[in-house]
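Below: the structure, in structure tokens.
Because only heavy atoms are used, hydrogens play no part in the values below, and waters and symmetry mates are left out as well, while side chains stay in.
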Amino acid sequence: MHSEPVSSQSASGSVRALARGLAILRYVNKVGEARPGEVAKALSLPRPTVYRLLETMEELGYVAFSATSNYVRVTRFAAALGDGYALTTEITQAAGPIFGEYSSQVVWPLDLTVYNNAAMVIQETTHGRSPLSIDRGMTGYRLPVLRTSSGRAYISFCPDEERALILDHLRRLGDEEDAPFLDERWLSRLIEETRNRGIAVRDSGEFREETASIAVPIHSAGNVLGCVSLIWIRSAMSTSKALEKFGPLTLKIADRIAEALPD
């Protein structure tokens, strides 16, 4: 079976579009935020072309338009292209042995998650070896930000600018299940309570009805690199009991992971 030959004209057009897209991405990353018209003027590109390429990059998760203005910004997903994979690998390698150390003390499953393109992605987990887990094969699973303890921990402790970008992105995606949790009053209360407690909570059946969870951030140099979550069956333990029994231990695990990362 033979594929259709690609004409030199279409190939050159694709290369030109790619080159323009990369130039736009570099420019927005350099200035921090910009309107499409400003990008078009700075790069001497047609405004419709800039809009089309920015819309494509937003669909792919590399840029995000503000929900309240016409500004566009580079997402953390794009900013992490240079070193994000290496950093995620380092966190995962650090977390694995530490999770193993605490497996006898924490029989409920633990997850290590990192933020990626409007989701918290599980990078390391003890679901597979926890006798109390009702889930298997969770590595790589994408969790919603606003309806999980890991996502709530992340947006509560990440820098204000990053949180604003994440929330703008979620608003533009328009997931109906996220709508109640994008209310400004709810968000303000969530962030205040989570910061005061140092631990995020999911315990109202908003993601997995049969489970609840707590999560804490992994801090390094003023940034949140990921989160550690502990998941339990709601009927087996109250949230207050989980916070009392496992909250300090989960915080300790997150600190141990941060300490194990190379300088």
Side-chain angles (χ1 to χ4, degrees), residues 6-88 114-121 142 144-147 151-152 154-188 190-191 221-225:
V6 179
S7 69
S8 59
Q9 185 175 357
S10 63
S12 62
S14 297
V15 171
R16 183 170 63 252
L18 175 61
R20 286 175 167 179
L22 291 173
I24 292 169
L25 195 61
R26 284 195 297 269
Y27 179 79
V28 175
N29 186 53
K30 179 182 177 181
V31 299
E33 63 178 15
R35 293 186 175 94
E38 295 169 355
V39 177
K41 183 177 179 180
L43 300 179
S44 301
L45 293 173
R47 187 173 297 194
T49 298
V50 171
Y51 268 105
R52 186 176 68 252
L53 290 171
L54 284 171
E55 287 172 354
T56 299
M57 285 189 281
E58 184 181 36
E59 290 174 5
L60 296 173
Y62 293 103
V63 301
F65 280 91
S66 168
T68 56
S69 69
N70 198 31
Y71 280 99
V72 65
R73 303 176 180 91
V74 170
T75 65
R76 188 175 186 272
F77 177 60
L81 285 176
D83 59 1
Y85 180 79
L87 180 57
T88 298
V114 299
Y115 177 80
N116 182 283
N117 193 20
M120 299 301 294
V121 183
R142 296 176 64 82
V145 173
L146 297 174
R147 290 173 281 128
R152 292 173 179 181
Y154 193 89
I155 63 168
S156 294
F157 290 100
C158 72
D160 293 345
E161 183 180 353
E162 183 180 3
R163 179 170 56 257
L165 285 172
I166 291 171
L167 293 175
D168 280 349
H169 193 181
L170 293 173
R171 289 188 178 99
R172 293 184 66 83
L173 289 175
D175 188 329
E176 291 183 2
E177 292 186 90
D178 281 342
F181 306 105
L182 284 166
D183 176 79
E184 290 293 343
R185 288 175 297 179
W186 185 90
L187 283 167
S188 295
L190 168 77
I191 292 167
N223 295 312
V224 179
L225 304 183

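Residues Tyr115 and Val224 are not in side-chain contact: their nearest non-hydrogen atoms beyond the backbone lie 4.5 Å or more apart. In this structure, the side chains of Val72 and Met57 stay at 4.5 Å or more apart for every pair of heavy atoms. Annotation: side chain of Val145 is not in contact with side chain of Phe181 (no heavy-atom distance under 4.5 Å). Side-chain contact between Ile191 and Arg163: present, with at least one pair of heavy atoms (C-beta onward) separated by less than 4.5 Å. Asp178 is not listed as a side-chain neighbour of Leu173, based on a closest heavy-atom distance of 4.5 Å or more. The shortest side-chain heavy-atom distance between Leu25 and Val74 falls under the 4.5 Å cut-off.
Checked for salt-bridge contact, Arg172 and Glu58 meet the test: a charged N lies under 4.0 Å from a carboxylate O.
Nearest heavy atom pair, residue Ile24 against residue Leu54, reads CG2-CD2, 3.6 Å. For Arg47 against Ala40, the heavy-atom pair with the smallest separation is CA-CB, 3.9 Å. Minimum interatomic distance between Leu170 and Ala118 (heavy atoms only, all atoms of both residues): CD2-CB, 3.9 Å. Between Arg171 and Leu182 the shortest heavy-atom distance is NH2-O, 3.5 Å.
For the side chain to side chain contact (heavy atoms under 4.5 Å, CB included) with Leu45, the qualifying choice from Val50, Val39, Leu53 is Val50, the only one to do so.
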- [ ] List the steps and the verdict of side chain to side chain contact (heavy atoms under 4.5 Å, CB included) for Arg16 and Thr49.
- [x] CA-CA 11 Å; Arg16 183 170 63 252; Thr49 298; over 6 Å; no
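Counting only distance, with no hydrogens or angles, the side chain of Arg142 and the backbone of Asn117 share a donor-acceptor pair below 3.5 Å. The backbone N or O of Leu146 lies less than 3.5 Å from a partner atom in the side chain of Arg152, making a donor-acceptor pair. A distance-only check finds no donor-acceptor pair linking the side chain of Tyr154 to the backbone of Phe157 [under 3.5 Å].
Here CD of Glu162 is found 7.5 Å from CG of Asn223. Values are rounded to the nearest 0.5 Å.
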